[in-house]
Amino acid sequence: MILKNDTFLRALLREPVPYTPVWMMRQAGRYLPEYNQTRSRAGSFLSLCKNPDLATEVTLQPLARFPLDAAILFSDILTVPDAMGLGLYFAEGEGPKFERPLRDEWEIKNLTAPDPSVHLGYVMDAVCQIRKALAGSVPLIGFSGSPFTLACYMIEGGSSSDFLHTKTMLYRRPDLLHHILEINAKAVSDYLNAQIESGAQAVMIFDSWGGALSEAAYSEFSLAYMEKIVSSLHKTREGKRVPSIVFTKGGGLWIEKIASIGCDAAGLDWTMDIGRARSLVGDRIALQGNLDPCVLFSTPDAIKAETQKILESFGHGSGHVFNLGHGISQYTDPENARIMIETVHSSSRKYHEVASQ
């Protein structure tokens with residue numbers, strides 16, 4: 001099936017585009033009333049993730065509302081450790097928790113990578129359904145958490161402000177952490193390749209907690225494993241390139257290192273100027289980002305101005321996918337998201353004039 005809008009994929013590959021494409025991290029989420037209604041019908045967040053029909057429904061909701069240039073699979077990064085048997089559950093008001101966090105050496109040594117077709121079949125069913133429902137309108141993004149980010153949840157047993165257990169293991173027993181990361185890298189590679197085979201047209205690795213590490217530790221315990229995954233990904237499907245995006249929140253300082261691992265694009269949070277990042281990576285990779293999500297709580301004029309600042313900072317030419325610097329807040333007015341999206345489309349064309357002639 002021919003894509004009606006492949007602007008997102010072409011921008012990731014730094015090919016000429018008529019305008020800067022845009023999508024939003026967490027674009028199918030609690031800021032949308034229709035999402036909340038579907039989640040209520042599902043009964044719980046985990047039930048929503050594990051029901052392919054409902055996951056398809058919520059994936060498509062933001063596309064019905066906004067002129068976005070890509071869809072992203074509705075799922076959660078913790079589906080992988082859940083499939084490893086750690087007992088994922090969501091405590092009301094506390095976020096994700098694991099019944100059996102990895103603390104003992106025997107538990108770590110017994111860890112195995114799940115077979116995605118068996119243990120994560122519901123995700124592949126959702127990818128197939130979403131791809132069919134999109135009917136070639138826009139591309140579908142698949143995703144996973146990074147090995148290190150998954151390890152943080154698996155070791156801490158949930159969210160953490162200081163990653164005390166994880167960092168203690170990193171410095172006291174690095175061999176155990178490396179073992180977890182090896183298993184996670186295999187699991188993520190298999191998982192993303194299964195998504196690609198099921199119909200995902202680009203994939204993204206979310207390294208939410210890599211920015212909590214020192215530079216040396218980041219290179220050894222996070223980036224090295226993402227490089228392994230990128231090298232193992234299927235690069236083509238249905239005769240088309242399948243681009244990969246790596247996003248380390250708080251990783252702007254290491255953008256040149258990220259550019260060297262073989263990915264097609266790097267995501268940026270809002271703490272680094274995108275023009276500076278572009279000057280550092282040159283034409284090696286595309287860049288994605290990076291509006292502060294809190295801008296969407298301001299006025300229409302401020303939203304337009306801040307959006308235009310990022311477009312201007314990146315400058316002329318392709319290789320930019322506009323996004324927020326992190327996921328959209330559940331408290332955002334959807335109409336403010338619309339203002340940002342429409343501003344990107346209208347204000348970016350002058351930076352792509354050669355492509356549109």
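Note that the structure is a prediction, hence the values are computed from the model and not measured.
For the residue pair Thr79 / Tyr191, a side-chain donor-acceptor distance below 3.5 Å is found, with atom types taken as modelled. Side chain to side chain, Asp207 and Ser222 meet the donor-acceptor criterion of an N or O pair below 3.5 Å. For the residue pair Asp333 / Tyr31, no side-chain donor-acceptor distance below 3.5 Å is found, with atom types taken as modelled. No hydrogens or angles considered: nothing links the side chains of Glu15 and Ser318 as a donor-acceptor pair under 3.5 Å. Checking Thr38 against Asn36 by side-chain atom types alone, no donor-acceptor pair falls below 3.5 Å. Side-chain contact annotation: Thr343 with Thr307, donor-acceptor N/O pair under 3.5 Å absent. Residues Thr299 and Asp301 bring no donor and acceptor atom of their side chains to less than 3.5 Å of each other. In this model, no donor atom of one side chain and acceptor atom of the other lie less than 3.5 Å apart for Lys228 and Ser189. With hydrogens and angles left out, the side-chain atoms of Tyr19 and Ser347 include no donor and acceptor closer than 3.5 Å. Ser146 and Thr149 share a side-chain donor-acceptor pair at under 3.5 Å.
With contacts defined as side-chain heavy-atom distances shorter than 4.5 Å, the pair Ser137/Asn5 does not qualify. Side-chain contact check for Trp23 versus Gln288: some heavy-atom pair is nearer than 4.5 Å. Using a 4.5 Å heavy-atom threshold, the side chains of Leu3 and Pro139 count as touching. Looking at Asn184 and Ile180, their side chains come closer than 4.5 Å, going by heavy atoms from C-beta outward. Contact check for Ile205 versus Ser144: no side-chain heavy atoms found under the 4.5 Å cut-off. Between Pro293 and Ser329, the closest side-chain pair of non-hydrogen atoms is not below 4.5 Å. For the pair Val127/Leu140, a side-chain contact is recorded, criterion being any heavy-atom separation below 4.5 Å from C-beta on. In this structure, the side chains of Gln27 and Ile328 stay at 4.5 Å or more apart for every pair of heavy atoms.
How far CG of Leu170 is from OG1 of Thr166: 8.5 Å, rounded to the nearest 0.5 Å.
Both tests hold for Arg278 against Phe314: distance to the six-membered ring centre under 6.0 Å, angle to the ring axis within 45°.
By the 30° and 60° cut-offs, the orientation of the rings of Trp270 relative to His326 is perpendicular. Under the 30°/60° scheme for interplanar angles, the aromatic rings of Trp209 and Phe163 are found to be tilted.
For the pair Arg173 and Asp175, the tightest heavy-atom approach, listed with the atom from each and the gap, is NH2-OD2, 2.8 Å.
Other residues, nucleotides and ligands contribute more than 12 heavy atoms inside 6.0 Å of the CZ atom of Arg103.
Evaluation of the ring-ring contact (aromatic ring centres under 6.0 Å, His included) rule for His316 yields Tyr351 as partners, not counting sequence neighbours.
Here the side chain of Glu156 pairs a donor or acceptor atom with the backbone of His165 at under 3.5 angstrom.
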Under the ring pair (Phe, Tyr, Trp, His ring centres under 6.0 Å) rule, what do Phe143 and Phe206 come out as? Steps first, then yes or no, please. CA-CA 7 Å; Phe143 72 92; Phe206 285 89; 5.6 Å; yes

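Here the rule is side-chain contact (heavy atoms from CB on, under 4.5 Å) with Pro96, and of Leu78, Asp82, Leu46 only Leu78 fits it.
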